[in-house]
Participant: 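Take this structure, written in structure tokens, and hold onto it; I'll ask about it next.
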Amino acid sequence: LELQGAVRNAENFRPDDALTRAELVTILSRLLLIPDEEHSVQLNDVPDSTWFENSAEWAVEKNLILAPNQNFEPEKTVTRVDALAVLLKAYGHGPRVILVQNRSRLFKDVSTTHPDYELVARGVELGVLDAHQAQFFRPHSKITRGEWADFLYKMEAHDLLGDAPNFYNSDIFTSIWNLVEQNFYSVKGNEISEEALFQGAIKGILTVLNDPYTVYFDPAAGPDFLDA
């Protein structure tokens, strides 16, 4: 999240703190690159130029989160099921109708007749949640900042690779990196360049795509291409 600009300082992220409504929409809007612009919504308890003004107005305007009587309640904490609902709306993944006879228990506290069953089921389908009948989802418990980061990370993984979030979340890339670092025979003047490895990985991925409209440029050559 820090690399994508959604979090300013990951070293002081406070993952165990309860997430507030202001923090929820701000982290989400930064991740989605929502521009800072005028909105049709005016909120009574969101001062002008405050750090979450644009994010709060955007979220309410897009009906991602409710603000009864134009009161946003920025310091109010968020439940896990409400955070999941905001997440699915923001990424365009609405719940799907599932007939009761076609349902199976997802968690100890999410039975087949639970009012939020379809919402939670969609979260499981998208890889945001890991269903386990012997564990609790705790839908009405306060979500922590760390749990919200995990929701976002898994949703980004799904949108990046479609129905293959498990591959994205696997340790395969870390394992390859560690093998290279541990077994690379480094001679003087030929040390590992992390930047070169990173750029080489990107180039390899784009090459495999074989897409004539997607072109890789070395960072040094990119500006020259754009100016041409």
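Note that these values count all heavy atoms, side chains included, but never hydrogens, waters or copies made by symmetry.
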Participant: Between R105 and S111, is any pair of side-chain heavy atoms under 4.5 Å apart?
Facilitator: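 In short, these two side chains touch, coming nearer than 4.5 Å.
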Participant: Using side-chain heavy atoms (C-beta onward) and a distance below 4.5 Å, is W148 in contact with L24?
Facilitator: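 Yes; the side chains approach each other to less than 4.5 Å.
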Participant: Compare every heavy atom of R122 with every heavy atom of G94, then report the nearest pair and how far apart it is.
Facilitator: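 For G94 versus R122, the nearest heavy atoms are O-NE, 2.9 Å.
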Participant: Drop me the distance from Q101's CD to T112's OG1, to the nearest 0.5 angstrom.
Facilitator: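 The CD atom of Q101 sits 10.5 Å away from the OG1 atom of T112.
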Participant: Going by heavy atoms in the side chains, are T50 and D48 under 4.5 Å from each other?
Facilitator: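 Counting from C-beta outward, T50 and D48 never come under 4.5 Å.
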Participant: Under 3.5 Å, is there a donor-acceptor pair between the side chain of N54 and the main chain of E37?
Facilitator: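 Side chain of N54 to backbone of E37: a pair is present.
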Participant: Should I27 and L152 count as side-chain neighbours, where that means a heavy-atom distance under 4.5 Å?
Facilitator: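 Yes, side chains in contact.
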Participant: How far does CG of L106 sit from CG of D116, to the nearest 0.5 angstrom?
Facilitator: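 With rounding to 0.5 Å, CG (L106) is 11.5 Å from CG (D116).
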Participant: For A22 and T26, work out which heavy atoms get closest and say how close.
Facilitator: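 Of all heavy-atom pairs spanning A22 and T26, the closest is O-OG1, 2.7 Å.
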Participant: Looking at every heavy atom in both S104 and Y117, which two are closest together, and how far apart are they?
Facilitator: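 Where S104 meets Y117 most closely, the heavy atoms are O-OH, 2.7 Å.
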Participant: Kindly indicate, with the supporting measurements, whether the criterion side-chain contact (heavy atoms from CB on, under 4.5 Å) is fulfilled by E38 and E57.
Facilitator: CA-CA 9 Å; E38 292 292 326; E57 292 176 352; 5.9 Å; no
Participant: So, R138 and E147, do they make that salt bridge, N to O below 4.0 Å?
Facilitator: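 A salt bridge links R138 with E147.
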Participant: Strictly by salt bridge (Lys or Arg N to Asp or Glu O under 4.0 Å), give each pair with a member in residues 58-70 just once, sequence neighbours left out.
Facilitator: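 Those involving residues 58-70 do not exist here.
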Participant: Are the side chains of L129 and V120 in contact, using a 4.5 Å heavy-atom criterion?
Facilitator: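 Yes; the side chains approach each other to less than 4.5 Å.
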Participant: Do the side chains of W51 and L32 join up, straight or via other hydrophobic residues, at under 4.5 Å, putting them in one cluster?
Facilitator: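 Result: yes, single cluster for both.
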Participant: Quick check on the hydrophobic clustering: are F137 and I98 connected, directly or via other members, by side-chain heavy-atom contacts under 4.5 Å?
Facilitator: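 Yes; I98 is reachable from F137 via cluster members.
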Participant: Measuring from Y91:OH to H158:NE2, what's the distance to the nearest 0.5 Å?
Facilitator: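 Going from the OH atom of Y91 to the NE2 atom of H158 covers 12.0 Å.
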Participant: For the residue pair I65 and W58, establish whether any side-chain heavy-atom pair is separated by less than 4.5 Å.
Facilitator: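 Sidechains of W58 and I65: no contact.
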Participant: Using a strict 4.0 Å threshold on nitrogen-to-oxygen distance, state whether K154 and D130 make a salt bridge.
Facilitator: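 Looking at D130 together with K154, the answer is yes, because their closest N to O distance falls below 4.0 Å.
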Participant: Between F136 and V81, is there a shared hydrophobic cluster once you connect ILVMFWY residues whose side-chain heavy atoms come closer than 4.5 Å?
Facilitator: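 No; tracing contacts between hydrophobic side chains, which count when under 4.5 Å, never links both residues.
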Participant: Using a strict 4.0 Å threshold on nitrogen-to-oxygen distance, state whether E75 and R21 make a salt bridge.
Facilitator: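 Judged by the 4.0 Å cut-off on N to carboxylate O distance, E75 and R21 do not form a salt bridge.
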Participant: When you check the gap from the basic side-chain N to the acidic O, do R145 and E23 get nearer than 4.0 Å?
Facilitator: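 Counted as a salt bridge, because a side-chain N and a carboxylate O are separated by less than 4.0 Å.
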Participant: Set out, in order, the CA-CA distance, both residues' side-chain angles and the distance that settles side-chain contact (heavy atoms from CB on, under 4.5 Å) for V78 and K142, then state yes or no.
Facilitator: CA-CA 6 Å; V78 185; K142 297 176 182 178; over 6 Å; no
Participant: Can you tell me how far apart CG (L87) and CG (L126) are? Round to the nearest 0.5 Å.
Facilitator: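 One finds 8.5 Å between CG of L87 and CG of L126.
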Participant: I'd like to check L119 versus L88 (side-chain heavy atoms, cut-off strictly below 4.5 Å). Are they in contact?
Facilitator: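 In short, these two side chains touch, coming nearer than 4.5 Å.
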Participant: Using 0.5 Å steps for rounding, measure from the OG atom of S29 to the CG atom of D36.
Facilitator: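 If we round to the nearest 0.5 Å, S29:OG and D36:CG are 9.0 Å apart.
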Participant: Tell me, with the steps shown, if V128 and L84 meet side-chain contact (heavy atoms from CB on, under 4.5 Å).
Facilitator: CA-CA 9 Å; V128 177; L84 179 62; 4.2 Å; yes
Participant: A side-chain contact here means heavy atoms from C-beta on lying under 4.5 Å apart; do Q133 and K108 qualify?
Facilitator: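 The answer is no, as the side chains (C-beta and beyond) never meet within the 4.5 Å cut-off.
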Participant: Between the side chains of N44 and N71, does any donor sit under 3.5 Å from an acceptor?
Facilitator: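 Per modelled atom types, N44 and N71 side chains form a pair under 3.5 Å.
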